[in-house]
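Sequence lines set the chain letters: A, B, ... in the order given, protein chains first and strands last, and positions in each chain run from 1. Please read these numbers as outputs of a predicted model, since none were measured by experiment.
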Protein chains: 2
Amino acid sequence: MITNKSCIIRLSRYKNSLYRLRALGFVKVFSDNLADAIGVLPSQVRKDFSLFGISGNKRGGYQVDTLIEKLNTILGKEQVQEVIVAGLGNIGNALMKYKGFEKEGIKICACFDIDSAKYHRDAAIPVLPLEEMKDFVRNKRIKIGVIAVPDIAAQSVLDMMLACGIKGVLNFAPLRLRAPDDIVVNNVNLELELENVIYFVNTQGKTKSG
Amino acid sequence: MITNKSCIIRLSRYKNSLYRLRALGFVKVFSDNLADAIGVLPSQVRKDFSLFGISGNKRGGYQVDTLIEKLNTILGKEQVQEVIVAGLGNIGNALMKYKGFEKEGIKICACFDIDSAKYHRDAAIPVLPLEEMKDFVRNKRIKIGVIAVPDIAAQSVLDMMLACGIKGVLNFAPLRLRAPDDIVVNNVNLELELENVIYFVNTQGKTKSG
DNA sequence: CCTATTTTGTGAAATGAGTAACAAAAAACT
DNA sequence: AGTTTTTTGTTACTCATTTCACAAAATAGG
């Protein structure tokens with residue numbers, strides 16, 4: 001099994017580039033087209049494909065259509081992926097309104113919050129009490145959750161999600177969550193990302209001026 | 001010079017854990033305390049510290065206070081870091097309201113947008129026309145920018161930021177931005193992160209059930 | 001004061017990801 | 001049909017990061 005996150009991320013990028021290339025009229029592509037598009041080496045592209053059993057034609061490259069299809073299969077994009085969000089704060093709100101997910105076949109089905117003032121059962125994306133998560137998730141067989149609650153509540157919300165049968169989580173709370181090994185937890189930590197930029201800017205400046 | 005991003009990210013995590021440990025009354029820590037806290041091996045902790053010339057006492061561990069101080073110096077947290085945000089859409093809005101930055105010594109000084117309906121010069125964090133970015137950034141000598149504009153505008157906003165003297169960028173637009181080598185660009189791509197969770201959940205399921 | 005124990009700091013080994021190189025296949029050209 | 005060119009797919013190599021392992025230092029205990 002492939003455990004390399006950046007490899008999967010590259011597959012997503014190939015896929016996105018391929019849609020653009022197809023829109024431009026491309027019918028076949030070569031590894032170096034894709035390499036240029038996402039900023040890696042051609043050998044990396046071929047390696048990635050070979051890892052997933054994707055093959056092209058020597059001297060003929062890859063058919064755009066079938067390549068897109070294969071990548072979508074690998075990435076689980078044959079059907080719309082339904083996710084839930086916990087926490088209708090700043091981030092939760094932004095996610096609900098964000099248009100980027102829809103065009104990637106990701107659908108936010110519901111948001112759960114603890115604050116009854118936020119409930120909105122009839123909205124396009126309903127906002128429901130946390131207690132209803134279990135029924136909702138089980139009925140709809142949802143496997144993916146997003147955690148956008150305050151730090152202090154994050155672990156208990158994760159535990160709740162796992163009890164509902166959620167198998168993968170995107171976590172925005174800036175702390176390490178404990179989960180069994182078979183659960184996927186990706187963290188998006190905005191402070192850390194910014195702190196990182198700041199560090200490299202600071203040291204860059206230092207090394208330049210002496 | 002250290003170019004390893006994950007190493008810097010770990011330093012940030014150590015620092016965050018140390019604050020928590022200090023709040024619990026810890027005066028000294030050992031590498032395995034910190035290792036547990038952030039989920040790495042003790043040898044990793046010691047290696048990271050040794051890379052930055054941080055040393056402790058054999059059998060005595062590390063003093064929490066001095067360790068925090070050293071990490072803060074390395075991470076450039078001795079003074080408040082001022083940043084600007086471009087784009088007052090969903091994400092820009094969430095960032096402006098987000099409390100997490102303040103307690104990390106990161107201050108959003110202003111937001112710039114193209115839409116005059118959004119301008120709000122007298123707000124706590126002013127929302128200004130994009131054209132005013134140059135003066136603002138130069139006067140305040142700001143080095144860090146956040147890009148939260150639609151995909152199509154992202155590259156031009158980046159170019160504008162670079163013309164203002166910005167040296168590091170956190171980019172939320174889901175595409176690859178072109179920048180000179182001495183500019184730091186960190187990307188946060190929410191679709192990709194979710195797609196990644198989805199992939200691993202799907203394959204996990206497959207490998208388990210056969 | 002000497003011995004046992006703990007914990008660091010570092011150099012060596014292992015792992016893993018990315019890059020390079022090249023044989024083999026396919027197409028194009030003559 | 002044969003030769004040349006192009007491009008894949010895979011194997012071997014390189015490099016970076018992580019993990020291991022152990023000597024040296026410091027403390028604690030008898």
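- Checked against ring-ring contact (aromatic ring centres under 6.0 Å, His included), Tyr199(B) has no partners two or more places apart in sequence or in another chain.
- Here dA13(C) presents its C1' atom at 15 Å from CG of Leu41(B), a figure rounded to the nearest Å.
- The CG atom of Asp36(A) sits 10.0 Å away from atom OG of Ser17(A), with the distance rounded to the nearest 0.5 Å.
- Within a 6.0 Å radius of CZ in Arg10(B), other residues, nucleotides and ligands contribute more than 12 heavy atoms.
- Here Ser31(B) reaches the OP1 or OP2 of dT8(C): one of its side-chain N or O atoms lies under 4.0 Å away.
- We find that CD of Gln44(A) is positioned 8 Å from C1' of dA17(C), with the value rounded to whole Å.
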Step by step, work out the side-chain hydrogen bond (donor to acceptor under 3.5 Å, both in side chains) result for Tyr14(A) and Asp48(A). CA-CA 10 Å; Tyr14(A) 298 141; Asp48(A) 286 341; 2.6 Å; yes
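- Atoms CG (Leu51(A)) and P (dA17(C)) sit 9 Å apart, rounded to a whole Å.
- Closest approach to the Arg46(A) side chain among dA27(C), dC22(C), dG11(C) is made by dC22(C) (side chain taken as heavy atoms from C-beta onward).
- A nucleotide of DNA chain D counts as in contact with chain B when one of its atoms lies under 4.0 Å from a heavy atom; the first and last such, 5' to 3', are dT17(D) to dA28(D).
- Distance from the side chain of Lys58(B) is smallest to dT8(C) among dA28(C), dA17(C), dT8(C).
- Using a 4.5 Å heavy-atom threshold, the side chains of Ile84(A) and Cys111(A) count as separate.
- For dG9(C), the OP1/OP2 oxygens have no side-chain nitrogen or oxygen of Asn57(B) closer than 4.0 Å.
- Among the atoms of the strands shown, only primed sugar atoms or phosphate atoms (P, OP1, OP2) are found under 4.0 Å from some heavy atom of Tyr62(B).
- As judged by a 4.0 angstrom heavy-atom cut-off over every strand, Asp32(B) is placed among residues making no nucleic acid contact.
- Within a 6.0 Å sphere centred on NZ of Lys107(B), other residues, nucleotides and ligands contribute 12 heavy atoms or fewer.
- Relative to the axis of its first five pairs, the axis of the last five pairs of the helix from dC1(C)-dG30(D) to dT30(C)-dA1(D) sits at 0°, rounded to 10 degrees.
- When the C1' atom of dG16(C) is taken as reference, atom CE of Met1(A) falls 16 Å away, rounded to whole Å.
- In the set dT7(C), dG9(C), dT19(C), dT7(C) carries the atom at the smallest distance from any side-chain atom of Arg59(B).
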